[in-house]
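Here the structure is a predicted model, which is why all the values come from computation and not from measurement. So that the names make sense, note that chain A is the first sequence line, chain B the second, and so on, each numbered from 1. These numbers come from the heavy atoms of this one structure, side chains and all, not from hydrogens, waters or symmetry mates.
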Amino acid sequence: MFFLIKDEISKSLAHLTNLPKEEILKTLEPSKFCHLTSKIAFLMKGKPPENSQKLADSFPKHKYIKRAEAKGPYLNFFFSESFFSEFLSSPKISFPKTNHDVIVEYPSVNPNKPWHVGHLRNALLGDSVARILSFTGCSVLRMDYIDDLGLQVAQSIWGFENLPKNKPPKKFDHFLGEQYVQVSSKLEEIKEEVVSILHELESGTPKAKKWRKDIVEPCLKAQYQTSFSYNVYHDFLIFESDIMKEVFQKGIELIKSKKGIVFEKEGKNKDCWVVKLSEEFKGMKDADKILIRSNGTATYTGKDLIFQLWKFGEFQEFNYKEFLSQPDSTKAYMSSEKGEKKQAHGADIIINVIGREQEYPQLVIKKVFEKIGMKERAENYKHLSYAPARLPESSFSGRKGTWKGYTADELLEESYKREMQKIGEISNKKENAEKIALSAIRYSFLKIDADKIITFNWDEALALEGNSAPYILYTYVRAKKILEKIQPPELLEFSLNSEEENLLLHLLKFKEIIRKTSKDLRPNYLADFLYEAAVFFNKFYSTSRVIDNGELVPHRACIVKKYFEYCSLSLSLLGLSPPEEM
RNA sequence: GGGCCCGUAGCGCAGCCUGGAUAGCGCAGCAGCCUUCUAAGCUGACGGUCGAGGGUUCAAAUCCCUCCGGGCCCGCCA
C-alpha cells in the first residue's frame with residue numbers, strides 16, 4: 001500500500017516537473033508533520049518554497065490524497081480516508097517465492113562446552129535472519145558446523161578419559177565445559193597425549209568414532225536443549241570429520257586446479273599453494289595467503305574455502321542421519337558415514353554468522369572467490385559479523401572459564417525466576433512465564449545493532465518494562481483480548497484521530513522494514529519496528545476505546561486487527577513467543 | 001606498517017548507508033493518571049557543545065579529511 005501511494009504521487013510529480021520518477025520517489029519520506037513529505041523542491045530550479053507552493057497548488061486530485069500542502073520548502077501530503085480504508089481491508093501481507101537458495105550458518109560452537117551469552121548472540125542473529133529470509137520467499141537451510149576434529153575437542157576427550165568423574169553433572173555440556181577449563185590449565189604437561197588424540201580424530205579411527213558417539217554427540221544434544229529453549233533451530237549439522245572423509249581430498253585437488261591459485265617454487269612460501277592478494281590488501285607486509293601447506297595439507301583458510309565451495313554446490317552430497325526432532329516440528333539432520341542422501345548444499349547465497357574478529361579471514365575467502373573467477377559467488381558470500389558480548393571486566397573465554405555463571409542456560413533460568421517473581425508463583429502461568437522469559441532475552445539481544453559490543457548486564461538483558469519484549473508482549477495480549485471479545489465488523493465511513501493515524505502510518509512501513517532487514521541482515525530494524533508499533537498501539541489504546549459504552553467502533557476494531565496481524569508476524573520473525581495472558 | 005568497528009542525555013540505545021523541518025527512545029530520578037477493552041500501561045516536566053577540529057553544501061549527528069578515546073584483526077597455528 002505504501003509503495004503504491006508513493007508511486008502514484010511520484011507519477012503525478014514527474015508529470016508536473018519533468019524530473020525522472022525514480023528521483024522523485026527517493027525524495028518521498030514519512031514525516032511527523034504530515035503523512036508523507038517530499039523534498040522535491042530542492043531538486044528544481046528556483047527558490048524551494050516557491051517551487052513547493054506551485055506544486056501544491058497544481059497537484060491533481062487523487063482518491064488516495066486528501067490534500068497536498070507547501071510548508072516552506074517541503075511538499076506535504078495527507079492521505080484520504082479511502083486510502084486508510086483500503087489499507088485496513090487489505091489482505092494479509094506476504095512475499096512471493098523467490099528462486100534463492102540460502103544457507104545460513106550459526107552458531108558453530110565447539111562441541112565441548114555450554115553456550116554462553118556470546119554464542120547465544122550468534123545463534124539468535126542467525127536464527128532470526130533465517131526466519132526473515134524465509135518469510136521474504138527464499139528457501140533457507142539452517143546449518144551448524146561442528147568442529148569435531150579440533151584441538152578443543154581433543155582436549156575435552158583427554159579430560160573425559162583421564163580426569164576423575166566425580167558427581168554426575170546436570171547437563172553434559174556444562175560438565176565438559178568445566179573439565180575443559182581444568183585440562184586447559186595443564187595443557188603443557190599433556191600436550192603429547194592430546195596431539196595423539198588429534199591424530200586419531202583426523203584419521204577417523206574406531207576410537208574416534210566412539211568418541212564422537214560418547215562425547216561429541218551427547219554434548220551437542222545438550223547444547224541443542226539450550227538452543228530449543230531459545231527457539232533456535234537447525235536443519236543440518238555438518239561435522240568436520242565427514243567433510244574430511246567425503247570432500248577433503250577432492251577439495252584440495254580442486255583448489256590446485258583453479259586459475260588464480262599458484263604454486264610457489266621459491267621464497268618463504270616455497271612449495272605451498274597460495275592466493276596472491278597484495279592488490280586486494282595494499283600496504284600489508286605480506287598479503288599472500290597460503291591455502292595448501294608445503295606438506296600437502298590445507299590450512300584453516302584452505303579448509304574453510306573447501307567447505308564454502310561445498311555449500312555452493314561443488315562436490316557430492318553427504319549421508320545424513322536424523323539428529324533430533326525439534327519443537328518447531330522440523331527435524332535436524334547430521335552428516336554421517338551411513339544414512340540417507342539429502343539435499344543440504346547447493347546454495348546460491350551463503351550467510352555465515354561469525355564474530356567480527358574473523359572479518360579478515362572471511363574477507364580472504366570472498367577475495368579468493370573473485371580471484372578464481374567466481375565473481376557471483378563472491379558477491380553472494382556474506383559474513384554477518386557481530387561484535388562480542390562481554391563482561392565489564394573481561395571477555396568470555398572457554399579456556400579460562402570466564403563464562404561460568406553466564407551460560408545461556410543460566411541466563412534463561414534467571415530470566416524465568418525474575419518473571420515468576422513478578423507474577424507470583426502460580427503454577428498455571430508457568431508456560432506463559434517461560435515464553436516471556438525467553439522472549440525477554442531474545443529481544444534484548446536482537447534489538448542491539450550487531451556492530452555494537454554488548455557489555456552483559458543482568459538488568460538490561462532481563463528488563464520487564466520499557467523497551468523490552470514484555471512491553472511488546474503485553475501490548476500484543478491487549479490487542480488479542482479485544483479481538484476475542486468482538487466479531488469482525490464491517491468497515492463503515494470513519495475519520496481518524498491522531499493516535500489512530502500514527503499507528504496506521506507506522507504499520508504501513510512494515511514491508512519496507514522487512515526489505516531493509518533482509519537486505520542488510522539486521523534484525524534490529526525489525527525489533528525497532530515492533531517496539532514502536534507497540535508504543536503507537538498503547539497510545540491508541542489509552543485514548544481510543546474500541547468498545548465504547550458497549551458499542552463497537554468498527555474502524556478501531558479493524559485497526560486492532562491490523563496491528564495484531566503485524567505484531568504476531570514480527571514476533572514470529574524474531575522468534576519471540578507470545579503468551580496467552582500476562 | 002596496513003585494515004575494520006564503536007564514540008549521540010547520568011547509564012543503555014535508535015537515527016548515519018540514501019544530508020533537509022524543534023536530534024528520538026528506554027532505564028534511573030521528579031510530578032500526575034486505575035468505577036469503563038489488562039497500570040508489565042499512559043501523560044507531563046527534567047536531562048544533549050551528537051568524541052574534538054577542519055572541509056564540502058543553501059543545509060551536516062548524517063558525506064570527506066585530520067586527530068583523540070575504546071575494541072578488534074593481519075601465522076605453513078587453530
Practice item. For A:Leu151 and for A:Lys422, locate the closest nucleotide of RNA chain B by heavy-atom distance; then report the residue assigned to the nucleotide nearer the 5' terminus. Key: A:Lys422
Review point. When the distance from OH of A:Tyr525 to C1' of B:C17 is rounded to whole Å, what number comes out?
Key: 7 Å
Revision key, fill the gap. Note: for A:Asp528 and A:Gly150 on RNA chain B, the residue whose nearest nucleotide lies more 5' is A:Asp528
Practice item. Taking atom C1' in both B:C11 and B:G55, compute the distance separating them and give it to the nearest angstrom. Key: 34 Å
Check your understanding: Is B:C46 in the syn or the anti form, by the rule that syn lies within 90° of 0?
Key -> anti
**Study point:** Under 4.0 angstrom between A:Tyr360 side-chain N/O and B:C5 OP1 or OP2
**Key:** no
Exercise for review: State the CD-NZ distance between A:Glu50 and A:Lys54, to the nearest 0.5 angstrom.
Suggested key: 6.5 Å
Only pairs under 3.5 Å count here: list side-chain donor-acceptor contacts from residues 502-510 of chain A, not counting sequence neighbours, and write none if there are none.
{"from": "A:Asn502", "atom 1": "ND2", "to": "A:Ser498", "atom 2": "O", "distance (Å)": "3.2"}
{"from": "A:His506", "atom 1": "NE2", "to": "A:Phe529", "atom 2": "O", "distance (Å)": "2.9"}
{"from": "A:His506", "atom 1": "NE2", "to": "A:Ala533", "atom 2": "N", "distance (Å)": "3.3"}

Check your understanding: At under 4.0 Å between heavy atoms, what does A:Glu419 touch on the DNA or RNA strands: base, sugar-phosphate, or nothing?
Key -> base
Exercise for review: Describe the nucleic acid contact of A:Ile453 in one word from base, sugar-phosphate, nothing, applying a heavy-atom distance below 4.0 Å.
Suggested key: sugar-phosphate
**Study point:** Partners meeting ring-ring contact (aromatic ring centres under 6.0 Å, His included) with A:Tyr471 (sequence neighbours left out)
**Key:** A:Tyr531
Study note, to complete from the structure: So OG of A:Ser395 and CH2 of A:Trp403: to nearest 0.5 Å the spacing works out to 14.5 Å
Check your understanding: Between A:Arg67 and A:Phe77, is NZ or CZ placed under 6.0 angstrom from the six-membered ring centre and within 45° of the ring axis?
Key -> no
Practice item. Both distances under 3.5 Å, Watson-Crick or G-U wobble: on that basis, could you give the dot-bracket string for RNA chain B, with [ ] for crossing pairs and | for other-strand partners? Key: (((((((..((((......[...))))..((((.......))))......(((((..]....))))))))))))....
Protein N or O to nucleotides 33-37 of chain B N or O, pairs below 3.5 Å:
{"from": "B:U36", "atom 1": "O2'", "to": "A:Arg545", "atom 2": "NH2", "distance (Å)": "3.2"}
{"from": "B:C37", "atom 1": "O4'", "to": "A:Arg545", "atom 2": "NH2", "distance (Å)": "3.3"}
{"from": "B:C37", "atom 1": "O3'", "to": "A:Lys485", "atom 2": "NZ", "distance (Å)": "3.0"}
{"from": "B:C37", "atom 1": "O2'", "to": "A:Lys485", "atom 2": "NZ", "distance (Å)": "2.9"}
{"from": "B:C37", "atom 1": "O2", "to": "A:Ile547", "atom 2": "N", "distance (Å)": "3.3"}
{"from": "B:C37", "atom 1": "N3", "to": "A:Val546", "atom 2": "N", "distance (Å)": "3.2"}
{"from": "B:C37", "atom 1": "N4", "to": "A:Tyr541", "atom 2": "O", "distance (Å)": "2.6"}
{"from": "B:C37", "atom 1": "N4", "to": "A:Ser544", "atom 2": "O", "distance (Å)": "3.3"}

Check your understanding: When we call it a touch if two heavy atoms are under 4.0 Å apart, what does A:Ser294 touch: a base, just sugar-phosphate, or nothing?
Key -> base
Exercise for review: Give one of base, sugar-phosphate or nothing for A:Asn295, where a contact means two heavy atoms less than 4.0 Å apart.
Suggested key: nothing
Review point. Looking across every strand, which nucleic acid part, if any, lies under 4.0 Å from A:Lys270 by heavy atom: base, sugar-phosphate, or nothing?
Key: base
Every protein N/O within reach of nucleotides 55-60 of chain B N/O, cut-off under 3.5 Å:
none

List the atom pairs, donor and acceptor, that lie under 3.5 Å between side-chain atoms in residues 453-464 of chain A and the rest of the protein, sequence neighbours left out.
{"from": "A:Asn457", "atom 1": "OD1", "to": "A:Asp459", "atom 2": "N", "distance (Å)": "2.8"}
{"from": "A:Asn457", "atom 1": "OD1", "to": "A:Glu460", "atom 2": "N", "distance (Å)": "3.0"}
{"from": "A:Asp459", "atom 1": "OD1", "to": "A:Arg418", "atom 2": "NH1", "distance (Å)": "2.8"}

Check your understanding: Does NZ or CZ of A:Arg121 come closer than 6.0 Å to the centre of the six-membered ring of A:Phe445, within 45° of the ring's axis?
Key -> no
Practice item. Remember a base hit wins even if backbone is also touched, and classify A:Asn76 as base, sugar-phosphate or nothing at under 4.0 Å, heavy atoms. Key: base
Exercise for review: Have a look at A:Phe33 and say if it touches a base, only the backbone sugar-phosphate, or nothing, with a 4.0 Å heavy-atom cut-off.
Suggested key: base
Point to revise | Gap in Å between the two P atoms, one belonging to B:A9 and one to B:C73, rounded | key: 28 Å
Revision key, fill the gap. The salt bridge (Lys or Arg N to Asp or Glu O under 4.0 Å) partner of A:Glu580 among A:Lys480, A:Lys481, A:Lys430 is A:Lys480
Point to revise | N or O in side chain of A:Lys447 less than 4.0 angstrom from B:G12 OP1/OP2 | key: no
Practice item. Let me see the working for A:Asp451 and A:Arg356 under salt bridge (Lys or Arg N to Asp or Glu O under 4.0 Å), right down to the final yes or no. Key: CA-CA 8 Å; A:Asp451 281 331; A:Arg356 67 152 183 231; 5.3 Å; no
